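The structure under discussion appears below in the form of structure tokens.
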Amino acid sequence: MIRFLIHFSILIAILIAFVRCNNGGTDPVDPPIPEVPEQNINDNVTPNDFLSDVKYKQLIIEAVYLDGQQPDSLSIYKLVSFLDERIHKPKGIQLFYKPIPKTGKTSYSLDDLKTIEASYREKLTNDTLLTAWIFITNGDYAGNSADEKKLGLAYGASSFALFKKTIQEYSGGENQPTTHNMETTVLKHEFGHLFGLVNNGTPMINNHLDSTHGSNHCSNPRCLMYYVAETNNFSSTFSTSSTPALRSDCIEDLRNNGGK
Ligand SMILES: [Zn+2]
Ligand SMILES: [Zn+2]
């Protein structure tokens with residue numbers, strides 16, 4: 001009951017917007033394909049904007065998926081609970097998710113992700129509204145290497161993608177995490193990057209930057225921000241039965257930059 005009241009009182013509203021196209025029986029018309037934007041959308045948003053309530057009292061998240069491939073609603077719910085534990089948004093966190101037309105792609109380059117965002121992102125940050133964008137793709141990342149496949153990618157100050165095909169390929173089997181646990185972990189990890197972790201807009205109190213495995217990851221192999229959380233090597237480090245949490249160094253950094 002207490003847990004229920006807590007969740008109720010934090011004014012989280014997860015609004016599901018099912019937008020269906022009705023074209024009156026005519027053939028669907030593809031939207032015009034825009035140029036790849038030169039700059040990421042809302043690139044001036046800072047980690048402090050997400051973490052503190054100094055500039056913004058509320059966060060609006062727009063999560064899109066390809067028509068017919070609804071995201072795991074429990075993962076989305078757990079993401080919003082995680083955000084509420086870490087950021088100050090007294091007017092709440094609202095998440096809208098909606099389908100977009102199928103793209104026909106099985107892999108997505110960074111330019112593809114930016115172009116799709118430019119085509120479909122409706123909620124933009126301005127002086128009074130803070131927004132984030134999640135694209136839940138049905139494909140792989142085109143930049144994958146033979147050794148490492150990405151499960152998610154934060155590519156802008158307020159934008160990230162989830163590679164659902166890769167997540168499904170490396171979860172749900174014997175000695176693998178459940179698809180739900182893996183998807184939940186990737187959603188939280190990518191938001192960790194939007195929060196400026198590690199040493200990418202949110203300064204480090206203690207040095208916990210992993211210098212051996214790419215950039216902006218935590219050196220603690222038990223932490224949500226350890227690099228394997230967004231790769232197919234996920235189960236080489238993490239338990240298959242639970243989702244990794246942020247550890248003390250990452251939490252201290254967030255608190256020092258306006259978070260909880
Ligand atoms: Zn990462
Ligand atoms: Zn950490």
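Quick caveat, the model's predicted, so the values are computed rather than measured. All residue numbers in this chain count up from 1 along the given sequence. Hydrogens, waters and symmetry mates play no part in the numbers below; they use all other heavy atoms, side chains included. Numbering of ligands and ligand atoms starts at 1, following listing order.
A ring-centre distance under 6.0 Å is found for Phe135 and Tyr108. Under the 6.0 Å cut-off for aromatic ring centres, His208 and His217 do not qualify, their centroids lying 6.0 Å or more apart. Ring pair Tyr56/Phe50: centre-to-centre distance not below 6.0 Å.
Coordination check, His208 versus the Zn ion (ligand 2): failed, since every N/O/S atom of the residue sits at 2.8 Å or beyond.
Atom NE2 is the N/O/S atom of His193 found closest to the Zn ion (ligand 1).
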Begin with the C-alpha distance, continue with both residues' side-chain angles, and end with the deciding distance and a verdict on salt bridge (Lys or Arg N to Asp or Glu O under 4.0 Å) for Asp67 and Lys102.
CA-CA 6 Å; Asp67 200 5; Lys102 288 191 172 125; over 6 Å; no
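Rounded to 10°, the angle that OE2 of Glu230 and NE2 of His217 form at the Zn ion (ligand 1) is 80°. Angle SG(Cys223) to the Zn ion (ligand 2) to SG(Cys250), rounded to 10°: 110°.
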